[in-house]
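Working notes, structure below.
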Amino acid sequence: MGSVLDTRLGPADWERLTSTDLAGAACVVFDILRATSTAVTALAHGARALLPVGTLEEAVALHRQHPEWLLAGERGGLRPGPESTGGVAFHLGNSPREFTQERVQDRTIVFTTTNGSRALHACRHAPAVLAGALLNLTATVEAVRALRPDRVLLICAGTGPDPALEDVLAAGAFIELWSRANLESHLTDAASVAWRAWRGAGADLSGALQHSANARRLLALPELHDDVAWCLQHDRFRLTAWLDPDTDALIARPAPAGPHPPAPR
Ligand code: MLT
């Protein structure tokens, strides 16, 4: 008996996960523009852990208890200003290019974003939760495959209250890689939507991703423009980002060893 592949296409679907039984499920959260791409980049550059939290207040309170931790995240795409944090300065925004080795190596980072960190939080009671990105897609597929879960739940974080095209396409790319390995599996209708969207994008996946509303928003901001190209890189990193059940923080694990299916375009 293979795995069931299911998808939550946007916030209206994943917000309910807090009260859903996730026994036997491996959850992969995609917020590729940009929260999960940023988390994967930070871990690849040596961050010790990223603690996703839902609100600015929680982030600031944690930082008060642990002043040595870095504060990172965004509201409206930008680093939260002191007017929204009670005067506390955030060290980093949500641009993956800020999370260089110099800035994050061996650091614990409290991370709060509009959707991505909340989506991770919503499924944290599942037995396995990963942050997925195109940056580490093949490694993520292999890690989930090695778990042999009953159910794979691909969670598209979206933007504000809405689904986001790039997250649905990333879920579709995950399903494509999974099926190239000839794994016995069953797709729910929502998973088929993601897979067919990915296949429909065909030879112009990059074009489709770049025309998403989120990409266009970032491309219009000179300081964030280059984030899009960064986040759309395929398999730059061979590591996986897991929510540690003891600490609720994302930590890095190396990708499983073994033969790798070819990356999607
Ligand atoms: C989010 O978590 O909602 C996004 O990553 C927003 C962003 O692009 O900064």
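One-based numbering, in listed order, for ligands and for the atoms of each. Please read these numbers as outputs of a predicted model, since none were measured by experiment. Below, all heavy atoms of this structure are taken into account, side chains as well, without hydrogens, waters or symmetry copies.
- Sorted by chain and number, the heavy-atom contacts of ligand 1 below 4.0 Å come from Asp31, Leu33, Arg34, Ala35, Glu74, Gly77, Asn94, Thr113, Thr114, Asn115, Gly116, Arg217.
- Here the side chain of Asp235 pairs no donor or acceptor atom with the backbone of Leu135 at under 3.5 angstrom.
- Looking at His63, its side chain does come within 3.5 Å of a backbone N or O of Trp69 through a donor-acceptor pair.
- For Arg253, the side chain to side chain contact (heavy atoms under 4.5 Å, CB included) test picks out Thr240, Trp242, with sequence neighbours left out.
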Trp230 and Thr41: side chain to side chain donor-acceptor pair (under 3.5 Å), yes or no, with the steps?
CA-CA 10 Å; Trp230 180 275; Thr41 301; 3.1 Å; yes
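- Under a 3.5 Å cut-off, the side chain of His45 and the backbone N or O of Phe99 do form a donor-acceptor pair.
- For the residue pair Thr38 and Asn94, a side-chain donor N or O sits within less than 3.5 Å of a side-chain acceptor on the partner.
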